[in-house]
Amino acid sequence: NNNNNNNNNNGTIDSNSNDNNNFNRLDISQVLKHEDIHAIIEKLISSSSEPWFIPYESVEDEYKQLAALLLVLNYKLEPLLPLVELWRDGCALSASGYTPRVSLNGLNTSAPPPQWSCGQAILQFRTLIFPWTKYHLLLSLIEQTSTTSSGPASIPPTIRLALSHGNLNLESIFRQLRSIKTVLLRNGVEFVVGRPGDGNEPQAQDSCFDIIVTEINKRGINLRNAICVGILLGLAIRTGNSFSLNISLKVWEYLCQPVDSLANGDGTGYDYRLEKLAFSIRQGLLCIIPGQVLPLFTGKEFRDLVCGSVN
């Protein structure tokens with residue numbers, strides 16, 4: 001008799017059995033709205049030494065079932081994500097180049113997936129997806145969209161950094177970027193320092209990215225250079241270098257999801273100048289990396305990833 005089995009010597013119901021019965025009847029949509037769920041996710045991630053190596057025993061007993069559910073959902077979701085349309089950009093970066101979407105009006109069109117779609121459902125709960133799941137998907141797409149042909153086309157182009165009295169000539173870098181086909185930049189880039197007659201000894205690439213982004217932060221971003229800044233941002237991501245760009249969290253969010261994230265918090269309306277700037281940065285970024293995975297990231301996650309705050 002189940003009732004007898006669930007009773008202890010005092011005639012009370014076994015709490016573990018009761019918890020299991022309740023767990024089987026959980027409404028997942030309600031579980032995912034649990035007020036402590038994001039704190040649990042942060043603890044799972046911060047306490048893990050590497051992806052999926054999570055010390056489950058460190059979770060408090062009252063949250064173990066919820067943590068287990070998160071682990072199972074993420075594990076099941078990982079192979080599904082590459083098959084889901086997460087955003088509908090006017091053009092998508094594929095292994096063969098840009099693939100325009102005939103169903104959209106113009107290459108610059110950008111829209112979220114339909115309300116009824118699987119992609120929209122996943123985006124609603126994107127904060128519950130582990131960061132490494134998102135990052136591994138981005139890395140796999142970057143690898144798929146790299147130029148794999150042999151010969152000169154497979155060699156990363158060279159960008160020369162011109163320094164004068166310790167000052168970097170940003171305009172020279174931007175001119176060089178504009179003169180190179182973006183398909184070639186998808187092999188990465190090799191920075192050299194000095195004048196043409198000084199030789200072509202490659203420098204430490206992480207230091208070069210640091211020098212460039214420091215100068216950009218000092219001078220600021222404008223509509224003339226925003227696309228090139230986006231290209232440099234994409235190059236840093238594609239080559240695994242940090243790029244601590246000093247832009248607002250609103251702009252980082254827009255780079256992931258170009259929707260109403262730029263609305264002013266004081267209720268004064270939409271910042272159209274900031275949108276033009278963010279749009280141009282994103283345009284340059286999507287020339288180098290596949291953007292269809294970016295909507296999975298929050299602005300903070302993407303900023304931390306790019307700026308080197310996470311491994």
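For the single chain, residues carry numbers from 1 onward in sequence order.
Side chains of Phe130 and Leu71 form a contact here, defined as non-hydrogen atoms less than 4.5 Å apart. Looking at heavy atoms from C-beta onward, Val189 lies out of side-chain contact with Pro156 at the 4.5 angstrom threshold. The side-chain heavy atoms of Cys256 and Thr298, taken from C-beta on, include no pair separated by under 4.5 Å. In this structure, the side chains of Gln292 and Leu86 stay at 4.5 Å or more apart for every pair of heavy atoms. The shortest distance between side-chain heavy atoms of Arg238 and Thr145 falls below 4.5 Å. At a threshold of 4.5 Å between non-hydrogen side-chain atoms, the residues Ser280 and Leu223 count as touching. Side-chain contact between Leu285 and Ile231 is absent, with no heavy atoms from C-beta onward closer than 4.5 Å. With contacts defined as side-chain heavy-atom distances shorter than 4.5 Å, the pair Ile288/Ile142 does not qualify.
Among residues two or more places apart in sequence or in another chain, the side chain to side chain contact (heavy atoms under 4.5 Å, CB included) test is passed with Leu245 by Val213, Ile216, Asn217, Ile221, Val229, Phe243, Ile247, Trp252. Applying the side-chain hydrogen bond (donor to acceptor under 3.5 Å, both in side chains) criterion to Ser242, with sequence neighbours excluded, gives no partner residue. Remark: Leu77 engages Leu80, Leu81, Ile122, Ile129 in a side chain to side chain contact (heavy atoms under 4.5 Å, CB included) (not counting sequence neighbours). Evaluation of the side chain to side chain contact (heavy atoms under 4.5 Å, CB included) rule for Asn222 yields Arg224, Asn225 as partners, not counting sequence neighbours. Taking the side-chain hydrogen bond (donor to acceptor under 3.5 Å, both in side chains) definition, one finds that Asn74 meets it with nothing, sequence neighbours left out. Applying the side-chain hydrogen bond (donor to acceptor under 3.5 Å, both in side chains) rule to Thr127 yields the partners His38; only residues at least two apart in sequence or on another chain are considered. Qualifying side chain to side chain contact (heavy atoms under 4.5 Å, CB included) partners for Pro113, counting only residues two or more places apart in sequence or in other chains: Trp87, Ser117, Gln120, Leu123. Residues satisfying the salt bridge (Lys or Arg N to Asp or Glu O under 4.0 Å) criterion with Arg219, sequence neighbours excluded, are Glu215. For Thr133, there are no side-chain hydrogen bond (donor to acceptor under 3.5 Å, both in side chains) partners, not counting sequence neighbours.
Distance check: Gln144 CD to Leu139 CG gives 11.0 Å after rounding to the nearest 0.5 Å. Note that CZ of Arg186 and SG of Cys287 are 10.0 Å apart. Values are rounded to the nearest 0.5 Å. Here the OG1 atom belonging to Thr214 is positioned 10.5 Å from the CG atom belonging to Asn246, to the nearest 0.5 angstrom. Between the SG atom of Cys228 and the CD1 atom of Ile281 there is a distance of 11.5 Å, given to the nearest 0.5 Å. Taken to the nearest 0.5 Å, the CD atom of Glu171 stands 11.5 Å off from the CD atom of Gln176. Note that CD of Gln257 and CG of Leu296 are 8.5 Å apart. Values are rounded to the nearest 0.5 Å.
Each salt bridge (Lys or Arg N to Asp or Glu O under 4.0 Å) pair with one or both residues in residues 72-82, not counting sequence neighbours, would appear here, but there are none. Among residue pairs with one or both ends in residues 114-136, those qualifying as salt bridge (Lys or Arg N to Asp or Glu O under 4.0 Å) are Arg126-Glu253, Lys134-Glu301; sequence neighbours excluded. Under the ring-ring contact (aromatic ring centres under 6.0 Å, His included) criterion, the residue pairs touching residues 209-241 are Phe191-Phe209, with sequence neighbours excluded.
With hydrogens and angles ignored, the 3.5 Å screen pairs no side-chain donor or acceptor of Arg160 with any backbone N or O of Val192.
The two residues Thr239 and Asn241 make their nearest non-hydrogen contact at OG1-ND2, 2.9 Å. Minimum interatomic distance between Leu138 and Pro290 (heavy atoms only, all atoms of both residues): CD1-O, 4.2 Å. Here the closest heavy-atom approach between residue Gly188 and residue Pro157 is recorded as O-CD, 3.4 Å. Residues Gly291 and Leu286 come closest through the heavy atom pair CA-CD2, 3.3 Å.
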Step by step, would you call Ile237 with Phe302 a side-chain contact (heavy atoms from CB on, under 4.5 Å)?
CA-CA 10 Å; Ile237 296 172; Phe302 191 52; 3.6 Å; yes
One pair to check against side-chain contact (heavy atoms from CB on, under 4.5 Å): Lys300 and Asp304. What are the steps and the verdict?
CA-CA 6 Å; Lys300 182 181 182 302; Asp304 292 346; 2.9 Å; yes
List the steps and the verdict of side-chain contact (heavy atoms from CB on, under 4.5 Å) for Ile212 and Ile173.
CA-CA 9 Å; Ile212 293 171; Ile173 296 174; 3.9 Å; yes
Quick one: do Val251 and Leu277 satisfy side-chain contact (heavy atoms from CB on, under 4.5 Å)? Show the steps, please.
CA-CA 9 Å; Val251 176; Leu277 202 65; over 6 Å; no
